[in-house]
Every structure is written in C-alpha cells, then in structure tokens.
Student: 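The structure follows.
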Amino acid sequence: MAIRAALVPIMLGAFAGTAALAEPDPGKKACVAEARRLCPAEMKTMSRKKVEACMIAKIEQTSPVCHAAMLKIKAEREATVRK
C-alpha cells in the first residue's frame with residue numbers, strides 16, 4: 001500500500017509535463033488530491049491515461065489551478081491526435 005501511495009505522485013507527473021523535474025508545479029499537487037477524490041477507481045488502476053481521461057471528463061468539478069493543468073493536458077492530447 002505504501003508503494004502504491006508513493007507511485008501515485010510519480011504516475012501523475014504528466015500533469016506537470018517534463019518541466020516538473022526542474023521546478024514544482026502547483027497544478028500537479030492540486031490535481032493529485034482532486035484525482036483521489038473525483039476518480040478513485042481510475043487512481044487504483046495506476047493508469048495515467050485513465051486518470052487523465054477521468055479528470056478531463058470531470059474538469060468542471062476541479063479547482064482553478066487543476067482546471068488550468070487539465071486544459072493543458074487536454075490540448076496536448078488533442079494536438080497529438082491531430083498529428
């Protein structure tokens with residue numbers, strides 16, 4: 001259980017992108033807490049894509065900081081699909 005708890009922040013590193021390695025992103029921290037609340041089943045799967053999809057689907061229920069981070073992820077996903 002402790003290992004899973006330690007892996008969740010690492011798994012959700014995509015919320016902050018690669019810049020997260022250089023400096024902390026407030027969106028990442030906000031989204032991890034909100035993902036636990038809004039998408040508990042997806043969090044248990046340890047699938048970043050499932051958690052992101054759930055959070056995007058529930059974006060209107062997120063805080064302003066997490067909302068901005070999720071909009072960024074949504075835009076990145078849409079750009080990838082268009083390529």
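Heads up: numbering here begins at 1 and tracks the sequence. Computed from a predicted structure; not experimentally measured.
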Student: How far does CE of Met43 sit from CG of Leu38, to the nearest 0.5 angstrom?
Tutor: 10.5 Å
Student: Do you know which of Arg48, Lys49, Met55 makes side chain to side chain contact (heavy atoms under 4.5 Å, CB included) with Val51?
Tutor: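 Of the listed options, the one satisfying the test is Met55.
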Student: Tell me whether His67 contacts the main-chain N or O of Ile59 through its side chain, where contact means a donor paired with an acceptor under 3.5 Å.
Tutor: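 Judged by distance alone, yes, a pair lies under 3.5 Å.
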Student: Distance alone, cut at 3.5 Å: any donor-acceptor contact between the side chains of Ser63 and Glu34?
Tutor: yes
Student: Is the NZ atom of Lys74 crowded by more than 12 outside heavy atoms at less than 6.0 Å?
Tutor: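 Not buried by this count: 12 neighbours or fewer within 6.0 Å.
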Student: Is a salt bridge present between Glu52 and Arg77, judged by a nitrogen-to-oxygen distance below 4.0 Å?
Tutor: yes
Student: How far does OG1 of Thr80 sit from CD of Glu78, to the nearest 0.5 angstrom?
Tutor: 10.0 Å
Student: How many angstroms lie between SG in Cys39 and NZ in Lys58, if you round to the nearest 0.5 Å?
Tutor: 5.0 Å
Student: Please check: side-chain N/O of Lys50 versus main-chain N/O of Glu42, any donor-acceptor pairing under 3.5 Å?
Tutor: no
